[in-house]
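First up is the structure itself, then whatever we jot down about it.
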Amino acid sequence: MSSPERRRRRLTAAVLLAFLLVPIAEIYVLIQIGQVIGPWWTILLLVVDSILGAWLIKREGRKAWAALRERVETGALPARELADGALIVLGGALMLSPGFVTDVVGILLILPVTRPLFRGLITSYAVRRVATPARRNAPRPGPEVVRGEVIDDGE
């Protein structure tokens with residue numbers, strides 16, 4: 001089995017495991033919080049959490065968009081700004097799903113204080129994904145052979 005195929009299988013297994021474990025964790029945390037503070041307070045907390053998340057996404061999304069536009073206008077490579085934008089979008093998607101576990105992860109992805117930790121992870125992942133195929137497809141040293149056909153026009 002080749003390395004890319006092995007990576008693909010590992011990623012598929014991780015995604016399937018996440019689709020099983022995340023809802024179980026969300027239900028468990030909801031039940032635990034509901035038992036401590038009551039069901040109505042739990043629902044209210046989820047609503048307030050969603051409102052706070054929407055406000056945070058809007059605020060940080062505007063800042064990231066402005067930083068991206070400024071960086072592009074100056075002609076510089078907007079790597080950091082693109083990573084921030086991706087993290088804010090991912091955090092926003094997590095905030096849309098009901099539950100406290102995904103909301104906490106979503107907020108951590110959105111907050112400017114914790115975003116640099118995740119930015120480093122996403123940047124190193126992107127560099128590995130982009131740089132590895134380029135090295136693999138690089139020409140090997142040695143004589144270059146060009147196969148072709150010579151056509152003589154009769155002169």
Side-chain angles (χ1 to χ4, degrees), residues 1-140:
M1 185 182 324
S2 68
S3 181
E5 186 178 327
R6 205 171 324 154
R7 261 189 251 125
R8 196 172 308 119
R9 284 190 182 192
R10 257 192 246 137
L11 179 64
T12 303
V15 168
L16 287 174
L17 193 62
F19 275 119
L20 289 172
L21 294 180
V22 170
I24 292 170
E26 289 288 9
I27 291 169
Y28 177 78
V29 169
L30 279 170
I31 290 171
Q32 295 303 311
I33 291 175
Q35 286 178 348
V36 172
I37 65 173
W40 294 111
W41 287 110
T42 303
I43 292 169
L44 180 66
L45 189 58
L46 282 171
V47 170
V48 169
D49 179 37
S50 297
I51 293 169
L52 174 71
W55 173 79
L56 193 58
I57 292 165
K58 186 176 179 180
R59 188 186 85 173
E60 292 303 316
R62 281 185 178 160
K63 285 183 182 178
W65 181 252
L68 178 66
R69 287 186 59 189
E70 180 182 326
R71 192 84 169 163
V72 168
E73 287 172 0
T74 61
L77 184 65
R80 177 181 177 196
E81 291 76 12
L82 287 173
D84 278 351
L87 289 169
I88 291 168
V89 167
L90 180 59
L94 289 171
M95 292 292 298
L96 288 175
S97 65
F100 293 113
V101 176
T102 52
D103 286 352
V104 167
V105 175
I107 287 174
L108 289 175
L109 291 174
I110 295 169
L111 285 175
V113 176
T114 54
R115 199 179 321 137
L117 301 170
F118 297 100
R119 187 187 315 124
L121 291 172
I122 197 171
T123 304
S124 66
Y125 175 77
V127 166
R128 278 196 319 269
R129 296 294 293 171
V130 171
T132 303
R135 272 189 263 126
R136 210 178 305 133
N137 296 331
R140 293 190 171 89

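Numbers for residues simply follow the sequence, beginning at 1.
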Rounded to the nearest 0.5 Å, how far apart are [atom1] of [X] and [atom2] of [Y]?
X: Phe118; Y: Leu111; atom1: CZ; atom2: CG; result: 10.0 Å
X: Thr42; Y: Trp40; atom1: OG1; atom2: CH2; result: 11.0 Å
X: Leu17; Y: Thr12; atom1: CG; atom2: OG1; result: 12.5 Å
X: Phe100; Y: Ile107; atom1: CZ; atom2: CD1; result: 10.5 Å
X: Glu70; Y: Trp65; atom1: CD; atom2: CH2; result: 13.5 Å
X: Leu96; Y: Ile57; atom1: CG; atom2: CD1; result: 6.0 Å

Taking the side chain as C-beta and beyond, is there a heavy-atom pair between [X] and [Y] under 4.5 Å?
X: Ile88; Y: Arg115; value: yes
X: Met95; Y: Leu56; value: no
X: Val72; Y: Leu68; value: yes
X: Leu117; Y: Leu121; value: no

Self-check item: Any donor-acceptor N/O pair, Glu26 side chain to Val101 backbone, under 3.5 Å
Solution: yes
Identify the heavy atoms of [X] and [Y] that sit nearest to each other, and give their distance.
X: Thr102; Y: Ser97; value: OG1-OG, 3.0 Å
X: Ile122; Y: Ala86; value: CD1-CB, 4.2 Å
X: Ala18; Y: Pro23; value: O-CD, 3.8 Å
X: Pro116; Y: Pro112; value: CD-O, 3.3 Å

Practice problem: Check the pair Leu16 / Leu20 against side chain to side chain contact (heavy atoms under 4.5 Å, CB included), numbers first and verdict last. | Solution: CA-CA 6 Å; Leu16 287 174; Leu20 289 172; 5.6 Å; no
Quiz prompt | Arg69 atom CZ, neighbour heavy-atom count above 12 within 6.0 Å | solution = no
Quiz item: Is the count of non-hydrogen atoms from other residues, nucleotides or ligands lying under 6.0 Å from Arg119 atom CZ greater than 12?
Solution: yes
Quiz item: Between Glu5 and Arg8, is the closest basic N to carboxylate O distance under 4.0 Å?
Solution: no
Quiz item: Out of Ile37, Leu30, Ile31, Val36, which one pairs with Ile33 under the side chain to side chain contact (heavy atoms under 4.5 Å, CB included) rule?
Solution: Ile37
Self-check item: From Asp103, Val113, Thr114, residue fulfilling side chain to side chain contact (heavy atoms under 4.5 Å, CB included) relative to Leu108
Solution: Thr114
